Amino acid sequence: MMFEQIIEELTEILKTRALSLFGQVVERLVLQSPPRLAMGDLATPMALELARALKQPPRKIAERMVDGMALPNFVQSVTVEGAGYLNFRLDRGSFTISHLAAIMAPALSGGERVIVEHTNINPNKAAHIGHLRNAILGDTLVRCLRWLGNRVETQNYIDDTGVQVADVVVAFEHLLGEGVAQVEARIADPSLRFDYFCWDLYSKMAQYYQDTPNSLEWRRETLHRIEHQEGQTAKMAAVIARAIVGQHIRTMLRLGVEYDLLPKESDIITLHFWDRAFELLKQSDSVIQEKEGKHAGCWVMKLADSAEFEGLEEPDKILVRSNGTVTYVGKDIAYQLWKFGLLDRTFFYRPFTRYSDGRVLWETASHDNPENVDAPHFGGAGRVFNVIDVRQAYLQKVVKEGLRLLGHSREAERSTHFSYEMVALTPATARALGMPVREEDESKNYLEMSGRKGLGVKADDLLDALVSKAAEAVRTGMGEEREVSEEEIGTLGVQIAVAALRYFMLKYGRNKVIAFDFGEALAFEGDSGPYLQYSTVRADNIFRKMAARQVDARLDAHSLNGLTIGKPLGDDLWEIVRLSAETPGAVRRAVDSLELSILTHHLFELGQKFNSFYHKYPILNEPDPDERQRRAVCAEVFRRTMTASLELLGIAVPARM
RNA sequence: GCGCCCAUAGCUCAGCUGGAUAGAGCAACAGCCUCCGAAGCUGUAGGUCGCAUGUUCGAAUCAUGCUGGGCGCACCA
């Protein structure tokens with residue numbers, strides 16, 4: 001935070017100076033770390049920009065800027081370099097000592113109420129790696145937003161009345177001829193992975209529809225019964241959805257992903273959220289019923305007038321079908337209104353499960369119940385992030401436009417679609433999964449996963465593979481002299497596997513399609529989560545060894561008060577401190593741009609600098625106590641920064657590696 | 001057809017609101033474990049930043065137009 005403050009003060013000083021010396025108002029001022037450390041710690045090309053307006057050589061302007069300039073705390077000097085850059089250097093010693101006391105301190109809580117909706121997997125089959133990208137992006141965003149002081153509520157929306165659930169119900173009833181009791185028996189059967197079973201069943205059903213088009217009538221009937229909560233069919237849908245959601249929650253928990261609330265579509269229907277939203281939309285004239293044409297009888301939202309939707313061949317979006325049923329977008333508009341507290345009704349709640357720390361994961365309910373009184377206040381946030389892949393960009397725009405048409409343009413502005421590209425499979429991976437790859441697909445870089453075809457890598461399968469590989473690495477890496485229990489190997493294996501997976505999903509820009517390849521996902525070297533863990537464990541080991549050898553690191557709170565650095569830090573040491581100081585800025589930039597890869601990339605750079613330092617500058621064997629102290633401070637800065645930052649990524653620091 | 005996204009080293013990607021000599025990882029090659037544990041480190045090699053024009057003191061970054069690829073544009077979600 002200190003570094004950001006210095007940047008702020010310096011920016012202010014420079015702007016004021018430009019105004020008083022040259023009468024120039026500088027709107028935006030670039031002030032960033034120069035490309036090489038020799039050029040100082042912060043630099044601005046502002047004189048180059050001013051040169052045009054002032055018709056003076058940039059260096060001359062720079063020299064006038066510098067002459068007699070007052071500098072903020074910790075800024076030691078300013079020089080003019082290159083074509084006319086202003087380069088600032090920090091007082092390395094005093095900065096390091098002050099920085100150490102405040103590394104990665106979270107912002108004070110009490111900020112804005114924010115809802116992040118993510119995961120949102122159809123509860124009809126096992127989660128796959130595409131869902132993992134969603135959940136990991138969402139969860140990491142949540143962690144960063146909280147660290148920045150926001151009060152965040154995490155929602156995982158459950159579409160328990162949709163076509164996908166209906167299709168599995170159809171398969172159980174018509175393909176297998178089973179009823180609710182038999183489905184419940186399958187769920188209770190410990191030898192069966194119910195979500196895996198449904199994965200296969202769902203793709204069989206899709207195939208059946210294709211071979212026997214008449215069977216689509218089953219889907220229509222089933223969908224209707226589910227939506228109207230009729231009989232055994234609706235019961236079965238609820239039973240299936242609940243069991244699968246439970247499994248999804250367990251899968252995500254393996255990665256450290258937790259939620260606050262599971263809003264269910266069935267409750268949105270039962271509690272007539274849509275009816276209310278529909279009234280509002282009709283009142284505002286933003287939806288009309290078509291009397292003729294191909295949409296005759298439908299209620300549509302007219303989008304032709306909005307600049308956002310310019311050029312669309314079909315500028316109208318159907319919200320209510322001619323048979324009177326509401327589309328998904330309609331329900332989503334109602335849900336989005338509720339999130340902002342703009343719908344004059346709300347849910348009932350009941351606990352779905354309890355996490356190991358006692359925190360309750362709530363689900364919505366359609367009726368009052370004894371536990372409802374204990375539920376916290378949900379919804380009514382000031383800002384909403386919907387983590388949904390880019391293919392739904394158009395629908396998310398429609399939802400946003402719905403808010404705007406209802407006069408809630410502020411909320412529309414504060415609705416953010418956190419979009420990201422899909423996870424696809426390389427042809428090699430698809431083949432490895434036993435999927436026939438068509439000849440025309442062979443030359444492609446990647447193939448889209450398909451739930452209907454059963455083509456995809458299941459989340460738990462990938463995790464299992466990662467865990468066993470990590471455990472194996474622990475086992476072989478430990479050597480014989482060390483006693484490691486199987487239990488500890490298990491723990492370490494999971495921690496390392498999760499690090500590899502979370503980092504893998506975060507390190508790519510969100511607009512990049514990830515062509516999933518087992519080899520790359522299983523990599524523990526180089527630009528990877530385990531690399532960061534390893535570097536941190538190394539730092540921890542240094543201090544553990546120090547304690548064991550009775551060497552006082554002199555880094556406790558008391559010693560730090562009187563700590564002096566002595567000689568200034570050399571470049572290799574200082575670079576670590578400066579990168580550490582830049583980390584909060586990296587978190588902020590990552591959240592502002594929704595590019596979480598900014599953070600992983602920054603931390604990787606920090607890790608590299610540390611590993612390099614680790615080899616070059618031994619600490620325990622350094623004879624000079626002052627030099628040893630300087631190096632220890634550096635290692636301490638690193639481990640505190642990395643430990644706190646890994647927490648933001650949902651990555652644990654293992655006890656050993 | 002219209003809209004959005006992508007194109008940077010052999011492969012996978014960084015490159016922050018335009019700024020100083022375009023950087024990593026993997027793969028390749030050459031080194032480093034009696035020395036805080038080699039999941040590591042050091043070095044070598046590898047680039048017409050898809051193409052063209054333009055804006056600018058300055059363009060991988062901005063604008064326009066191309067080329068190639070992906071995704072959307074359902075009374076599915």
Side-chain angles (χ1 to χ4, degrees), chain A residues 28-30 32-36 39 43-45 48-49 51-52 58 81-85 87 120 122 159 162-164 294-295 297-298 300 308-315 317-323 325 327-329 331-332 389-395 419 421-422 424 444-446 448 470 473-474 477-479 482 496 507-509 511-515 517 519-520 523-528 530-531 533-535 537-539 541-546 549 585-586 589-590 592-593 595 597-598 600-602 604-605 608 611-612 614-622 631 635 656-657:
Chain A
R28 286 170 319 164
L29 196 144
V30 176
Q32 53 194 196
S33 308
R36 286 189 314 282
M39 299 168 174
T44 177
L48 279 69
E49 281 175 50
R52 185 174 358 174
E81 289 172 38
Y85 292 90
N87 293 26
N120 301 6
N122 270 305
D159 182 7
V163 182
Q164 294 215 19
K294 60 176 175 173
H295 292 161
C298 297
V300 302
E308 286 255 32
F309 296 90
E310 218 173 343
L312 277 185
E313 192 179 323
E314 182 48 76
K317 184 68 204 171
I318 292 166
L319 299 186
V320 179
R321 304 180 185 104
S322 53
N323 67 5
T325 57
T327 60
Y328 172 82
V329 202
K331 284 177 273 197
D332 220 21
D389 80 65
V390 69
R391 287 170 295 186
Q392 299 208 36
Y394 168 67
L395 293 173
S419 82
E421 264 292 355
M422 59 177 176
K444 289 188 182 173
N445 293 329
Y446 49 83
E448 196 171 348
V474 171
M478 281 303 171
R482 237 183 260 213
I496 293 163
K507 75 181 208 179
Y508 300 98
N511 289 327
K512 285 275 201 287
V513 176
I514 296 181
D517 178 85
E520 275 175 51
F524 294 167
E525 290 107 40
D527 187 12
S528 72
Y531 178 92
Q533 289 179 310
Y534 186 71
S535 61
V537 168
R538 281 182 142 175
N541 282 342
I542 294 170
F543 292 102
R544 194 174 306 129
K545 284 252 158 71
M546 265 194 193
R549 295 187 196 177
R589 267 195 297 132
D592 288 347
S593 60
E595 277 298 358
S597 59
I598 288 174
T600 53
H601 189 257
H602 175 80
F604 179 55
E605 213 172 309
Q608 280 183 311
N611 270 329
S612 183
Y614 177 91
H615 281 271
K616 215 163 153 188
Y617 302 95
I619 294 173
L620 287 172
N621 297 326
E622 170 56 38
R631 293 178 187 178
R656 56 174 76 172
M657 277 178 90

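Letters go in sequence order (proteins before strands), and every chain restarts at 1. In this text the structure is predicted, and so the values were computed from the model without any measurement.
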Working to the nearest 0.5 angstrom, can you tell me the gap between E595(A) CD and H601(A) NE2?
12.5 Å
Is the base of C33(B) syn or anti, if syn means a glycosidic angle within 90° of 0?
syn
Under 3.5 Å, side chain of S612(A) to main-chain N/O of Q608(A), donor-acceptor pair present?
no
If I pick the C1' atom on A45(B) and the same atom on A28(B), what distance separates them, to the nearest angstrom?
8 Å
Q392(A) CD to C5(B) P, in whole Å, measures 18 Å
Separation of C71(B) atom P from I514(A) atom CD1, nearest Å, is 16 Å
Taking only the P atom of each, what is the distance from A77(B) to A27(B) in whole angstrom?
46 Å
Choosing from G72(B), A77(B), C36(B), which nucleotide comes nearest the side chain of N541(A)?
C36(B)
Ion pair present between E448(A) and R391(A), side-chain N to carboxylate O less than 4.0 angstrom?
yes
I want to check one thing: is the phosphate of A39(B), taken as OP1 and OP2, less than 4.0 Å away from some side-chain N or O of Y534(A)?
yes
Separation of Y617(A) atom OH from U42(B) atom P, in whole Å?
12 Å
Base, backbone or nothing for each nucleotide of nucleotides 14-24 of chain B, written B, S, -, heavy atoms under 4.0 angstrom, 5' to 3'?
S-BB-BBB--S
Spacing of the C1' atoms in U64(B) and A59(B) (rounded, Å):
15 Å
For the NZ atom of K616(A) and the CG atom of N611(A), what is their distance to the nearest 0.5 Å?
14.0 Å
How far does the P atom of G3(B) sit from the matching atom of G65(B), given to the nearest Å?
10 Å
Within 45° cone of Y614(A) ring axis and under 6.0 Å: R538(A) NZ or CZ:
yes
Donor-acceptor pair, T327(A) side chain versus L319(A) backbone, under 3.5 Å?
yes
Whole angstrom value for the distance that separates P of G40(B) from CD of Q533(A)
12 Å
Using only modelled atom types and a 3.5 angstrom limit, is any donor from either the side chain of S322(A) or the base of C75(B) paired with an acceptor on the other?
yes
Between R589(A) (side chain) and I598(A) (backbone), is there a donor-acceptor pair under 3.5 Å?
no
Would you tell me if any nitrogen or oxygen in the side chain of Y394(A) comes within less than 4.0 Å of OP1 or OP2 on C5(B)?
no
Under the 3.5 angstrom rule, does the side chain of S322(A) hit a backbone N or O of C298(A) as a donor-acceptor pair?
no
Hey, does V513(A) reach any base, or is it just sugar-phosphate, or nothing, if we go heavy atoms under 4.0 Å?
sugar-phosphate
Just the rounded figure in Å: distance from C1' of C6(B) to CE of M422(A).
12 Å
For atom CZ of F524(A) and atom P of G40(B), their distance in whole Å:
12 Å
Taking the nucleotide of RNA chain B with the nearest heavy atom to each, does A515(A) or N122(A) sit closer to the 5' end?
A515(A)
Between N87(A) and E81(A): side-chain donor-acceptor atoms closer than 3.5 Å
yes
Take atom C1' in A9(B) and the same atom in A20(B), then report the distance between them in whole Å.
23 Å
Under 4.0 Å between a side-chain N or O of R538(A) and OP1 or OP2 of A39(B)?
no
Starting at the 5' end of RNA chain B, what dot-bracket string do you get if Watson-Crick and G-U pairs under 3.5 Å are bracketed, crossing pairs use [ ], other-strand pairs use | and unpaired bases use dots?
(((((((..((((.....[...)))).(((((.......))))).....(((((..]....))))))))))))....
Using the C1' atom as the point on both nucleotides, what is the distance between G46(B) and C11(B), in whole Å?
12 Å
Write down the distance between CZ (R656(A)) and P (G37(B)), rounded to a whole number of angstrom.
12 Å
Of all the nucleotides listed (C71(B), C36(B), C75(B)), which has the minimum atom distance to the side chain of R391(A)?
C71(B)
For G509(A) and S597(A), which heavy atoms make the closest approach, and how far apart are they?
CA-OG, 3.9 Å
Compare side-chain N and O positions of N323(A) against OP1 and OP2 of C75(B) and report whether any pair is under 4.0 Å apart.
no
Roughly how far apart, to the nearest Å, are G31(B) and C36(B) at atom C1'?
22 Å
For Y614(A) and A39(B), what is the distance between atoms OH and P respectively, to the nearest whole Å?
10 Å
Distance check, C1' atoms only: U55(B) and U48(B), in whole angstrom units.
22 Å
Donor-acceptor under 3.5 Å (K317(A) side chain, V300(A) main chain):
no
Any side-chain N or O of H615(A) less than 4.0 Å from the OP1 or OP2 oxygen of G40(B)?
no
Locate the shortest heavy-atom distance separating I619(A) from A635(A); write the atom from each residue and the value.
CD1-CB, 3.9 Å
Across the strands shown, which category fits T327(A) at heavy-atom distances under 4.0 angstrom: base, sugar-phosphate, nothing?
sugar-phosphate
